[in-house]
Trainee: 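My questions will all concern the structure given below.
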Amino acid sequence: MKRTITAVSVVFLGLSSAYADITAPNDVSFEDGAVELSVTGAGGNAETGRAVFLNRKQGNCLACHVNSDAADAPFHGDVGPSLDGAGDRWSEAELRGIVTNSKMTFEDTIMPAFYIEAGYNRPLEKFAGKSILSAGQVEDVVAYLLTLKE
Amino acid sequence: MGLKPVLALATGMIVASFVALAEDSANLVIEGETIITTAPAPDHAENLDEVFSGWLFRSKETQALQLDDFDNPGFVFVDQGIDLFNAVDGSEGKSCAACHENVEDFAGLRTQMPRVVDGDLQTMEEQVNACRTERMGAEPWKYSGAQMTSMTALIGLQSRGLPMDVAIDGDAAPYWEKGKELYYTRVGQLDLACSNCHEANYGNMIRADNLSQGQINGFPTYRLKNAKLNSTHARFKGCMKNVRATPYAEGSAEFKALELYLASRGQGLAVETPSVRN
């Protein structure tokens, strides 16, 4: 039992120290909707980003977007535009801005802000004060979006 | 659009239903009676041109279940409602039937609910519980419990085919305004209002669901998902939880106001109670 606990805390330490330079959601700075600096201070992993994109409890991006690269996953929504070629249309900084808080790019959009933690109206308690994605997940999704070329 | 087959199929179905609408043949015919599933939007629904029943947005299979009362699983509960209507309960030794000889006398009532009574907005559920507690000396039923939804389905059925026609002026006006404000207020971690999905995006797919206008003319509605009748307030709760918002309580002032506002957005659509949805 003791051993397991030690192992778990090592994993946690490992996680929290993975990124040296995390920018908290409220400290992200936007310029014309775009976010220049990585919110982890490091690059993301496109493969992990694809998993976050698909996961219904994380990005759940397919709820609203068609994405041919994810043709293996069922039920793509069409509330938002197709993301085919998103990596051609947008720069890395623009994509980071859209994922962090799309309302800074598209006024009044239906697309949720994935990296804010304040300003929610009546959130369920377990989500209060929390961003939908972590800093690492934001960077991973951005890395993945950059691979969507036509 | 280059969509995947599954989506293309679903989109094809939407197109088909709207094409059919244009030909005026998309009406729901139950037991030989035509139920209006689309109507010109009322003036107070200023962002809509037409109103559409949620039935139009469901798959052919789900739609078919509503075409025949023997196939409609909601009727099992309507039958239970008939038993409850005749059952004596409470200290006064009365049943509903003791005061309301014939349930058919409730024809038209659903179209006017919720309504203001003595200055308070009253839903069908509250009317039923008022009769139980004040006239029968019986315990109130749970707002969305099986007994209540069976009863509201039975009473609603008496208005099937009649157009929704709630009052929104006079002493109903403040409730209506409050409901309208709630309809357009973004809530939850996903920061979405009812209008984001049901006004700006009806006809679009959100994952596997074809978004409807979120009309309430078919409530209580039998859902294949949970195999029971669902009240309007239970549905509002579900939609709020989906956007990760803390829902208001069933029977709360907020949900009652929202119900009045939604009922008014469906003005002209026929009552479909008990409808079938997925």
Side-chain angles (χ1 to χ4, degrees), chain A residues 25 53-85 100-104 106-134 148 150, chain B residues 1-15 47 57 59 181-212 214 236-249 252 254-255 258 278:
Chain A
F53 183 98
L54 293 176
N55 188 310
R56 285 171 191 255
K57 298 228 146 98
Q58 297 173 1
N60 196 19
C61 311
L62 285 185
C64 295
H65 293 285
V66 169
N67 175 7
S68 305
D69 179 66
D72 51 328
F75 305 125
H76 299 208
D78 57 5
V79 162
S82 162
L83 293 183
D84 294 0
T100 302
N101 184 355
S102 55
K103 289 175 186 97
M104 306 298 276
F106 311 109
E107 205 184 333
D108 293 333
T109 185
I110 186 176
M111 179 165 156
F114 286 89
Y115 195 61
I116 58 169
E117 58 188 7
Y120 300 139
N121 182 11
R122 295 182 69 83
L124 276 174
E125 210 167 311
K126 64 176 169 175
F127 299 112
K130 296 194 179 117
S131 57
I132 303 174
L133 298 181
S134 67
L148 302 178
E150 247 159 353
Chain B
M1 290 247 291
L3 308 183
K4 300 173 47 273
V6 135
L7 183 57
L9 182 75
T11 316
M13 277 163 5
I14 311 168
V15 172
N47 300 323
F57 298 82
S59 71
E181 188 190 319
L182 287 164
Y183 186 81
Y184 287 103
T185 301
R186 289 180 183 247
V187 291
Q189 193 191 35
L190 302 193
D191 198 28
L192 296 174
C194 315
S195 57
N196 287 123
C197 289
H198 293 298
E199 180 174 274
N201 279 292
Y202 68 84
N204 287 334
M205 300 297 292
I206 191 155
R207 272 284 187 178
D209 279 311
N210 186 2
L211 283 167
S212 73
F236 300 167
K237 234 170 126 174
C239 282
M240 285 189 77
K241 280 189 176 166
N242 284 342
V243 303
R244 300 183 174 181
T246 303
Y248 296 102
S252 63
E254 288 85 359
F255 275 173
L258 193 53
N278 51 313

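Only heavy atoms go into these numbers, but all of them, side chains included; no hydrogens, no water, no symmetry mates. These numbers come from a predicted model, not from an experiment. Letters A, B, ... are given to chains in the order of the sequence lines, protein chains preceding strands, and every chain is numbered from 1.
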Trainee: For chain A, find which of Asp209(B), Val243(B), Asp191(B) contributes the most heavy-atom pairs closer than 4.5 angstrom.
Mentor: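 Option with the greatest count: Asp191(B).
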Trainee: Looking at every non-hydrogen atom in both residues, tell me the closest pair between Leu54(A) and Arg207(B) and how far apart they are.
Mentor: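 For Leu54(A) versus Arg207(B), the nearest heavy atoms are O-NH2, 3.2 Å.
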Trainee: Under a 4.5 Å heavy-atom cut-off, does chain B meet the side chain of Lys103(A), its backbone, both or neither?
Mentor: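 For Lys103(A), the side chain is the part near chain B, not the backbone.
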Trainee: May I ask you to decide if Arg186(B)'s main-chain N or O and Asn121(A)'s side chain share a donor-acceptor pair within less than 3.5 Å?
Mentor: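 Between the backbone of Arg186(B) and the side chain of Asn121(A) there is a qualifying donor-acceptor contact (under 3.5 Å).
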Trainee: Looking at residues at least two apart in the chain, or sitting in another chain, which of them share a ring-ring contact (aromatic ring centres under 6.0 Å, His included) with Tyr183(B)?
Mentor: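 Listed in chain order: Tyr261(B).
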Trainee: Taking the side chain from Asn196(B) and the backbone from Ile110(A), do they hold a donor-acceptor pair closer than 3.5 Å?
Mentor: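 Checked: no pair found.
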Trainee: For Leu192(B), which atoms come within 4.5 Å of any heavy atom of chain A: side chain, backbone, both, or neither?
Mentor: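 For Leu192(B), the contact with chain A is made by the side chain alone.
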Trainee: What part of Glu117(A) gets within 4.5 angstrom of chain B, counting heavy atoms only: side chain, backbone, both, or neither?
Mentor: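 It is neither, since no heavy atom gets under 4.5 Å.
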Trainee: For Pro247(B) and Leu124(A), which heavy atoms make the closest approach, and how far apart are they?
Mentor: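 It is CD-CD2, 4.1 Å.
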Trainee: Is there a donor-acceptor pair under 3.5 Å between the side chain of Arg122(A) and the backbone N or O of Thr246(B)?
Mentor: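 Confirmed, Arg122(A) side chain pairs with Thr246(B) backbone.
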Trainee: Any non-hydrogen side-chain atom of Ile206(B) less than 4.5 Å from a side-chain atom of Asp78(A)?
Mentor: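 Side-chain contact under 4.5 Å: no.
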Trainee: Heavy-atom distances under 4.5 Å only: say whether Thr109(A) touches chain B with side chain, backbone, both or neither.
Mentor: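 Contact with chain B: backbone only.
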Trainee: Sub-3.5 Å donor-acceptor pair from the side chain of Gln189(B) to the main-chain atoms of Lys130(A), do we have one?
Mentor: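 Checking the backbone N and O of Lys130(A) against the side chain of Gln189(B), a donor-acceptor pair under 3.5 Å is found.
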Trainee: Between Leu211(B), Thr185(B), Val187(B), which shows the greatest number of heavy-atom pairs under 4.5 Å with chain A?
Mentor: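 Ranked by contacts with chain A, first place is Val187(B).
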Trainee: Identify which part of Asn201(B) has an atom lying under 4.5 Å from any heavy atom of chain A, answering side chain, backbone, both or neither.
Mentor: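 Answer is side chain: those atoms of Asn201(B) sit under 4.5 Å from chain A.
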Trainee: How far apart are the closest heavy atoms of Gly188(B) and Tyr120(A), and which atoms are they?
Mentor: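 Looking at all heavy atoms of both residues, the shortest contact is O-CD2, 3.9 Å.
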